Novice: 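Sending over a structure as structure tokens; questions will come in a sec.
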Amino acid sequence: MADSDRVRELLHAEDAATRRLIATLSSDIKDLSAAREGDNSDDEHDPEGSTLAFERSQADTLLRQSEERLIAIAEAEQRLERGTFGICTLCGNPIPEVRLEIRPYAPTCVACAS
Ligand SMILES: [Zn+2]
């Protein structure tokens with residue numbers, strides 16, 4: 001991927017989308033916590049409570065993944081500045097463009113990621 005302006009654009013778009021997602025998830029988690037606090041019943045025996053707990057843990061997982069993605073995006077921007085963008089950070093082989101189109105922040109090639 002030689003066009004660094006295009007890469008920068010992709011990374012910025014991904015960064016903005018991830019920040020929006022984090023804002024949404026954070027407010028969801030706050031709502032879910034509030035809903036659970038208003039409910040004194042035992043999660044284990046209350047279907048409503050366990051649904052809330054499940055939703056909460058899913059939101060937590062998504063939030064963690066989103067925060068990790070923000071870091072990955074920042075690191076990809078650094079690689080772009082250093083001129084090492086598009087090169088697998090593990091094996092040093094070029095990362096296929098199709099992969100970078102989907103995940104411009106991917107630090108490794110497909111083989112190293114799996
Ligand atoms: Zn690799």
Side-chain angles (χ1 to χ4, degrees):
M1 227 192 229
D3 189 350
S4 61
D5 284 344
R6 169 149 168 70
V7 174
R8 205 167 279 128
E9 236 169 67
L10 282 174
L11 288 171
H12 277 164
E14 197 71 45
D15 184 85
T18 306
R19 284 176 197 278
R20 273 198 303 275
L21 182 62
I22 287 175
T24 306
L25 287 168
S26 300
S27 99
D28 281 359
I29 289 170
K30 224 163 83 187
D31 290 349
L32 287 167
S33 302
R36 279 187 82 190
E37 271 162 28
D39 171 18
N40 293 323
S41 56
D42 186 342
D43 281 358
E44 301 271 331
H45 302 103
D46 176 49
E48 180 85 5
S50 76
T51 305
L52 287 173
F54 177 70
E55 282 179 17
R56 170 73 206 267
S57 86
Q58 276 202 320
D60 277 341
T61 303
L62 269 175
L63 183 63
R64 210 170 48 241
Q65 287 171 349
S66 303
E67 283 167 346
E68 282 167 7
R69 180 172 306 175
L70 271 191
I71 295 167
I73 292 166
E75 287 172 352
E77 282 169 344
Q78 285 175 7
R79 288 195 297 278
L80 195 61
E81 299 314 316
R82 288 196 209 107
T84 58
F85 182 85
I87 298 164
C88 175
T89 56
L90 290 177
C91 71
N93 287 325
I95 303 172
E97 280 195 27
V98 281
R99 175 162 167 78
L100 292 172
E101 281 287 334
I102 302 163
R103 298 182 57 159
Y105 47 86
T108 62
C109 67
V110 182
C112 289
S114 57

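Just so you know, ligand 1 is whichever comes first in the structure, and atom 1 is the first atom listed for that ligand. Since we're looking at a predicted model, the values are computed, not measured.
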Novice: Would you say I73 and I22 are hydrophobically clustered, going by side-chain heavy atoms of ILVMFWY under 4.5 Å?
Specialist: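 Shared cluster, no.
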
Novice: Looking only at heavy atoms, which two atoms of Y105 and A76 are closest? And how far apart?
Specialist: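 That would be CA-CB, 3.8 Å.
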
Novice: Is there a donor-acceptor pair closer than 3.5 Å between any side-chain N or O of R99 and the backbone N or O of T108?
Specialist: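 A pair under 3.5 Å: yes.
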
Novice: Using 2.8 Å as the cut-off, count the protein N, O or S atoms closer than that to the Zn ion (ligand 1).
Specialist: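 Count of protein N, O, S atoms less than 2.8 Å from the Zn ion (ligand 1): 4.
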
Novice: Is the closest basic N to carboxylate O distance between D60 and R64 below 4.0 Å?
Specialist: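 Result for this pair is no, no salt bridge flagged.
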
Novice: When you check the gap from the basic side-chain N to the acidic O, do R82 and E75 get nearer than 4.0 Å?
Specialist: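 E75 and R82: not salt-bridged.
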
Novice: Indicate if L25 and L70 have the same hydrophobic cluster label, given that clusters are the connected sets of ILVMFWY residues with side-chain heavy-atom separations under 4.5 angstrom.
Specialist: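 As far as the 4.5 Å side-chain criterion goes, L70 and L25 are connected within one cluster.
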
